[in-house]
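Worksheet: the structure to be examined is printed underneath.
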Amino acid sequence: MSSRPPESTPPAAPSTRPGLRLLRRLAARWRRLSPSRQDRLATLAPLLSVMLFLAAIITAFWYLRNEEIERELESVKRDAELVQQQIRLRLIENQEQLVRMAREVVTRAVDRDELLAQAERIERERPEIVSLTWLGVHRQVIARHVSPDLVAAMPRLGMPGGDPGDPVSAELRQRVTLETFRDSRELRLPVYSPPFRHANRLLVFQVQVPLIDHGNFAGTLVAEYSVEALLRHFVPPEVSQRHVISMLDGNDEVMASTAGAAALERGRHKDTLLTWSVPFAPVHHGVTLRGEGFRTSAGLVGNTLFWMVLALSALTLWMLLGTWRHMRRRLQIQGALVQETNFRRAMENSMLTGMRAMDLDGRITYVNPAFCAMTGFSEADLIGRMPPYPHWPPERMEENHRLLQQELAGRSPAGGIEVKVQRRDGTRFDARMYVSPLIDSRGQQTGWMTSMTNITEAKRIRDQLTASHERFTTVLEGLDAAVSVMSAQTGELLFANRTYRLWFGGEARWHAQLAGRPASGDDEQGDAVDAMAGVPTAELDEAGADAREVHVEAMQKWFDVRARYLQWTDGRLAQMLIATDVTARRQMEEETARQIERAQETSRLVTMGEMASSVAHELNQPLAAITNYCNGMLSRLRAGNLREEDLAMALEKTSKQAQRAGQIIHRIRQFVKRSEPQRQPARAAEIVEDALELATIELKRRNVAIQSYVAQRLPVLQVDPILIEQVLLNLLKNAAEAIDNAQMPPKRRTIELRVVPRHTAELGGVIEFSVTDAGPGIREEVIGRLYEAFFSTKSDGMGIGLSLCRSIIESHQGRMKAENLYNGDSICGCRFSFMLPVATTGDNSTAKTPEVH
Ligand code: ADP
């Protein structure tokens, strides 16, 4: 409703009448309504018009019916008045005749017989008069003539002076006659009686004409009229055919009627009865003449036309409702169609694939927004165009023409064709086009639908992928290490690089052997293998590359093998293996180990050499003692005073001294004896004891005291005791030398050896050996170079002691450190300590290495 008309018309237009304004406002409101409401109202309009039509028809029927009733009533009224008029005229005429006769009677112009003759004549001429009586002044019957009809109908009349007949009706008659007589006498005028019934149910009324003789009342002439005869003769047949004329008494009771009594009763019950009453002049006494009419038409209910109209209206309504329902269904379908169209349009618009339709001649009939967006041309630029199309690159016209011909002929390859497309701004892109026939709803081909996707990006990615794949392969192929991937399930070799192929000839079994597990299919692994994939569970848990060194006997080579599990490109679990040839390194390591061993041995010899004078001195004592004992025994033997028990004692002492000397030599031999490094369960206390035994000789010579403390119940170590002893001896010797060389005063010539259990975050449970001396400490510049081989501050020092010590400790997975001790700011000594882990079970140099044969 964008074009909303102005709400109010300008006041300057006085011609605008209120009705017109209302119409305009309605129209404006109509335009503001939503289409669905408009539809609903539009469907209601015919319904409304049918209802209006029906209402109009009903109103018309009502109007016609009222009109008819009114006409009928008019007719009844006319008839009633006509009858009344006729009867009145007749009665007046008769009355005049009677007045004339009365005058003749008074003037004696007629006697009794003459009167009777006249009466007979009158009754013949006027059948409504059923009797004529001359009453005297005392109401006595002077003469009477009764019509033969009445006589026939009523054999015995209850007339005064006559046959009394029916006593009741006779009495009534007498009363009526008396009252009328009296009235007539008083008024001196003709007086009519109210109607009454004879004994034979004949309804009559009287008229009594007074006889005035010279101003004196002399009786009356009584004429009796039969009401039925009156009605019979004075209601014209056409009137009685149309209507019923009845006579009613003062109480509106019907006394006589032109219709039969039954018809009257039937008519009375109908409310459709139309009546019109007029006074029955000149009788009065409340007597009325009533015309009754029935409506000739049968009313609404019986009206065929009305029912037909009603039926037709109902039919129209029904059909309207049907149409309405049908329309609603159509609207629903239309809604669904609109929705579908919108959905399709939205789909087309949101599609990234360009769509182009053309007819069988190659004229473009449709392009979707994606096609326009891709090419940069608008819909108007493209639709209706014949080849060459604007998006064809100029230099490829021929090729594009050929492709189009192929397309129109329906020979385009199913896999699509790759083309170059030129945008409006001149830039190009690669596209892939797919062609499919366009079939209309009748199954006829109307053209071709081409879908186009921009494959520049895809192509770029593909090229990149190819390049990166090439790089990857080059790197892998160029590697000195053998790289292989083996399926965990089937054991087939999925990948092997050049080096692998070179070394192992591309055989899968080498992979399995290097990985340390037999080729797949072997069920011996039991619990250590994952049930799902046959992967060693331990390896899965670690989930990383475990480096191992494997010796391949057949190739006489050592390999550093790293294996890890990965998901192969097809989703299968696979094991990747990288094997590097480390034979050279391994050999070098072995050589180094051998050299270290030799150095250790040499070092021990050197230590002993250094300690030679001390040892000699130490050996000198027992030897001197032995000599002394021997000399003593000899002199006493020569003097002859050697007793046997003295000899035994002296020999015992000599033997002890010799044993001691032997022990020293044995210890030295043990220490320097070349032996393969061997780990064995060893007690810290024993190692300390052995080391002290050798060191004490040197310490004594240098006049240095030693205190040792070994903690109780230390765990057993898994070490080479000779090597640890060598370390301890070295540390003790260094400490003693430092003290001695610095010529420390006696109170600082002490060394403390402590062995205690400790716990460190790095190594866990350890045993700590520490050698603390009160010597000069280590100088700043020395501290950083302590472990350097051949670094010494001594003139005769070799400088390999500490470096060997550290390599021995580290080969036992231990740690070694040196620190100065301070007393305030001044150095008061230094401490060398090393820790050996308690849980150590093996070391690299002695651990068993896997071998592949
Ligand atoms: P060497 O004893 O043959 O010199 P070492 O490797 O055993 O070789 O010692 C290296 C140097 O460390 C020694 O020259 C010395 O200067 C220093 N050093 C070793 N122990 C101590 C100590 N207890 N006090 C002071 N200096 C020491």
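One-based numbering, in listed order, for ligands and for the atoms of each. None of these values were measured; they are calculated from a predicted model.
Annotation for Ala691 and Leu728: closest pair CB-CB, 4.0 Å, computed over non-hydrogen atoms. In this structure, Glu477 and Asn497 approach most closely via the heavy-atom pair OE2-CA, 3.6 Å.
Rounding to the nearest 0.5 Å places CG of Leu465 at 14.5 Å from NZ of Lys459. For the atom pair CG (Leu623) and CZ (Arg660), the distance works out to 10.0 Å, reported to the nearest 0.5 Å.
At a threshold of 4.0 Å, the pair Arg594-Glu597 does not count as salt-bridged, since none of the basic side-chain nitrogens sits closer than that to a carboxylate oxygen.
Taking the ring-ring contact (aromatic ring centres under 6.0 Å, His included) definition, one finds that Phe504 meets it with Tyr500, Trp510, Phe559, sequence neighbours left out.
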Close N/O pairs between ligand 1 and protein, under 3.5 Å:
from, atom 1, to, atom 2, distance (Å)
ligand 1, 2 (O), Asn734, OD1, 3.2
ligand 1, 2 (O), Lys794, NZ, 2.6
ligand 1, 3 (O), Met798, N, 3.0
ligand 1, 3 (O), Gly799, N, 2.9
ligand 1, 4 (O), Ser792, OG, 2.5
ligand 1, 6 (O), Gly801, N, 3.4
ligand 1, 6 (O), Leu802, N, 3.0
ligand 1, 7 (O), Asn734, OD1, 3.3
ligand 1, 7 (O), Asn734, ND2, 2.9
ligand 1, 8 (O), Gly799, N, 3.4
ligand 1, 14 (O), Ser792, OG, 3.4
ligand 1, 14 (O), Thr793, N, 2.7
ligand 1, 14 (O), Thr793, OG1, 2.9
ligand 1, 16 (O), Thr793, OG1, 2.3
ligand 1, 23 (N), Asp773, OD2, 3.0

